[in-house]
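Data block below; observations after.
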Number of protein chains: 2
Amino acid sequence: MNGAEALVHSLLDAGVDTCFANPGTSEMHFVAALDRIAGMRCVLGLFEGVVTGAADGYYRLADRPAATLLHLGPGLANGLANLHNAKKAHSGIVNVVGEHATAHLELDAPLTSDVEGVARPMSHWVHTVESVDKVANAGRAAVSAASARPGQIASLILPADKAWSEFGDAPAAQGAVMTAAPDAVDAESVLSIAKTLRSSGKSTLLLLGGPAVREGAAQWAGRIAAATGCAVMCEFYAERISRGAGRFPLPRLPYSVDAAVQKLAAFEHIVLVGAMPPVAFFAYPNKPGRLYSPGTNLHRLAHRGNDVEGALRMLAEATDATRTAFVTPSRRQAADTEGPLTPASIGALLATLIPENAVVVDEAVSTGRGFDGVTHDAAPHEWLTTMGGSIGYALPVAVGAAIAAPERKVVALVGDGSAMYTLQALWTMAREGLDVTTVIFANRTYQILRGEFANVGAGEPGARATDMLTIDRPALDWVSLARGHGVGATRVTNLAEFAAAMRSSLASGGPSLIEVIL
Amino acid sequence: MNGAEALVHSLLDAGVDTCFANPGTSEMHFVAALDRIAGMRCVLGLFEGVVTGAADGYYRLADRPAATLLHLGPGLANGLANLHNAKKAHSGIVNVVGEHATAHLELDAPLTSDVEGVARPMSHWVHTVESVDKVANAGRAAVSAASARPGQIASLILPADKAWSEFGDAPAAQGAVMTAAPDAVDAESVLSIAKTLRSSGKSTLLLLGGPAVREGAAQWAGRIAAATGCAVMCEFYAERISRGAGRFPLPRLPYSVDAAVQKLAAFEHIVLVGAMPPVAFFAYPNKPGRLYSPGTNLHRLAHRGNDVEGALRMLAEATDATRTAFVTPSRRQAADTEGPLTPASIGALLATLIPENAVVVDEAVSTGRGFDGVTHDAAPHEWLTTMGGSIGYALPVAVGAAIAAPERKVVALVGDGSAMYTLQALWTMAREGLDVTTVIFANRTYQILRGEFANVGAGEPGARATDMLTIDRPALDWVSLARGHGVGATRVTNLAEFAAAMRSSLASGGPSLIEVIL
């Protein structure tokens, strides 16, 4: 057995059985090991940002890490932006990054770089394997790090000679993978927050984030709100919100600083449940960075790493809310299917079309800003948003979600500007026959930047600035781009065409793309 | 005047008048400054790897740095792989990287990351601007760092508040930009090498790299070889080789370890002229990393940062070779235009089709391995290869070369696997109307990895390994991919079609793509 084989065994033993890969020469022994060891599903991406984003999407649906296989420093670098997004989403990922054979490093060959240095900014855990007999344990340790709650980015750097060297019998990795049971919260602080809710329910906001917006946790928040009169919201960004008819509806904190500040000003108390103290996405001249007023009392019920659902249940018990009923939306039955394509008409139609148990991956940016409000009464579904804000996350995350949950339909809602960063994900969808409907909103502009240009006080863009904000010269042709990657596609210019294309795509069971001309 | 305007003035004053950009919110004041300050050509890319690769290509043709404009840590991260390539090519680049306003950093907003940490592995110089009054000098210092010989990657991090803050009168940046005159070499070592050449010319190799393979320098090597009987070769990789009819032909050191070792074994002395001691690209079990035998005497005539052409002229003087004639190839007149497409037939045809003064950007990888040998008698042209080995360099470098040298035709020769990493470059070619002919060699496999799989001793790939090495399921459709980006395209399946498509594309004066089915 060689080091690469030991690593594959180690990953499999620790429960990692899916690997998103874009390998190179130094990873060939890992690839060869796949032939000799059954059980590792290896999914090829044509660009590393697809690979790392897919691992993020996989974790969000599977609640356990996948591996990635990346080639040296530059291959890892290409995956960093979506590792940043995954890190901020607290998705656990085991990156296996090849490195030159150790003796080769001093020769400064062309591909030599500081791989640990590249890994560090977007990783919680970085380790270079020192000898072939330590490969198995290093693999085990990487899975442990990635499996922590909340999840972590673990980057395991494997020099080629450690992969190809042989070493007698197969060594079992020593020590168990850290189990991922989250810590319970402190009972005293639950009681203190319960007291606040009883005395000041109507001026208290439960702000939910992370695991608190999953169905099991959020229903406790619904009961508490019904019993105490408190408000409930979730952070603007969430790695996975359970939404739709029959579920407690979670309004999102607005993205706009002014709107968010206004919303939060109504509350004397904000109770953070897996959420961070709410802050602005960007800084703007003469606007606050913190969205809550200085006089607000912040309470923390639970960190992300805590047993958030358990904490909410404890709070429901302490507020006598465990059996209190809450109001949920009924499933929307109809929406206009005639007329022009507007964000509002598209959103309303989506509310009738999102299939039950679907995974919606939302990177619709400016077009989709209002989808949230109009799709709360769709069939029950999971809604995924970016957590790190680096655009180009949605198509790769859709790949990973579809691999992790083949029984669900995946709908990716993506702006044309965003989709261009990682469009190669379409090829992996075609290759793996993934049940993903990709909707590209083609406004042919970095529309969000037009708003931000004004927000940061830069005034009205002139000709040269406008040139940096528009992508209509030439117009991208998404039907051709999709077909080039092996994915069938349709272009729609009105609501009726969009409805027909969505129904057809959702019925197909495989990947397809709809270009929505706005 | 605000900080962003001061930076644009500072860059322009220091001679940087081209900026490849993919901006975001924190860069909006820089974009706004473009409206108010004339003279900065800003070229939009839809992915940051296009932006940084274009800056590399620009430097290779212009011999002076361009700027890039990148959005925070993740935007910079997306550009790192081509910054790696540019760093190894010693291309000078000034990266302007936006950062959150300083007060916003402690809030840990979604896009917060360690921007300096991201920059460091692929930069020679990293600096975060501390206050608005220091912006202009920081810009000047960044251009100085990038303009060193050899060129450097300078990453200037500009917090948004330093960009938007106002500060009275326009401050002139203080201190001159470092001029880039390279150092002369030591006369003693020139004389010592001349002595070796006179006594052991036939067993001596001049190994040229970097600036030594440009026309002005290489002709002195030709004279020295003719006078002393020494051999001349260049490194396998070179950022810009002057080649073709009427120029001294420079055979490249082979990529294959065995072939390179065999070639070099013939020499007692290797004189390094802007070149590195020759090493293998990758390490392989039971093969040497150094390509020269331990008994070889290595002499260094000049480092890359030296006046390499001057050093060769001094060596020519010391060997009485300044007027010695050398043999150059005559221009090839004809090649087969009928028959199947093979690397050899394509290469021979290219030798007749490469236009005079063209820039050939070579990322043809396995298909193009032999193009070198058969195109030495094409019309005089410049040949650019990857220097860092991270694939996805060619299309962006072609963009930058075409921007820097609009009077030249650019021909990008790219493998299908490589081209997929940065295909968004096609859109910038269309937008800017660049005179670039892109030839995609569609073998639908990571062919080089099939060879490397055997080289590293992994044996024959089985089904699962083969799946990671082939990209034919589904086949990419490059004609559709090009059209999707606004670039016209043709698919060719035999030599006659290829010849016709090349002639038509080269005559068009704008961008087009030819998919060569192998």
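We name chains A, B, ... by the order of the sequence lines, and we start the count at 1 in each one.
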### Query
In terms of side-chain geometry, is the basic nitrogen of A/Asp467 or B/Arg431 positioned less than 4.0 Å from the acidic oxygen of its partner?
yes
### Message
For chain A, which candidate among B/Ile448, B/Asp108, B/Asn455 shows the most heavy-atom pairs at distances under 4.5 Å?
### Response
B/Asp108
### Query
With a 4.5 angstrom heavy-atom cut-off, which part of A/Glu106 approaches chain B: side chain, backbone, both or neither?
side chain
### Task
Can you label the angle between the B/Phe47 ring and the A/Tyr421 ring as parallel, tilted or perpendicular, going by 30° and 60°?
perpendicular
### Task
Not counting sequence neighbours, which residues clear side-chain contact (heavy atoms from CB on, under 4.5 Å) with A/Pro74? List them please.
A/Leu72, A/Leu111, A/Ser113, B/Ala81, B/His84, B/Ser390
### Message
Please classify the contact of A/Val456 with chain B as side chain, backbone, both or neither, using a heavy-atom distance under 4.5 Å.
### Response
both
### Query
Does the side chain of A/Asn22 come under 3.5 Å of the side chain of B/Tyr446 through a donor N or O and an acceptor N or O?
yes
#### Entry: Salt-bridge present (A/Arg473, B/Glu432; N to O < 4.0 Å)
no
### Summary
Highest number of heavy-atom pairs under 4.5 Å with chain A among B/Arg483, B/His485, B/His100 belongs to B/His485
### Query
Top residue by heavy-atom pair count (under 4.5 Å) with chain A, among B/Ala458, B/Ser165, B/Ala21?
B/Ala458
### Query
If you count heavy-atom pairs under 4.5 Å with chain A, which of B/Gly457, B/Ala280, B/Gly73, B/Ala101 comes out on top?
B/Ala280
### Query
Would you say B/Arg120 and A/Asp114 make side-chain contact, with heavy atoms under 4.5 Å?
no
#### Entry: A/His71 ring center near B/Phe282 ring center (under 6.0 Å)
yes
#### Entry: Contacting moiety of B/Ile37, where chain A heavy atoms sit under 4.5 Å
backbone
### Query
Going from CG on B/Leu469 to CG on A/Leu44, what distance comes out if it is rounded to the nearest 0.5 angstrom?
8.5 Å
### Message
Using a 4.5 angstrom heavy-atom cutoff, name the option from B/Ala463, B/Pro285, B/Gly417 with the most pairs to chain A.
### Response
B/Pro285
### Task
Heavy atoms only, distances under 4.5 angstrom: which of A/Cys42, A/Ala33, A/Ala160, A/Pro23 has the most pairs with chain B? Name it, please.
A/Cys42
## Note on the structure
Counting heavy-atom pairs under 4.5 angstrom with chain A, the leader among B/Pro110, B/Ser480, B/Pro461 is B/Pro110
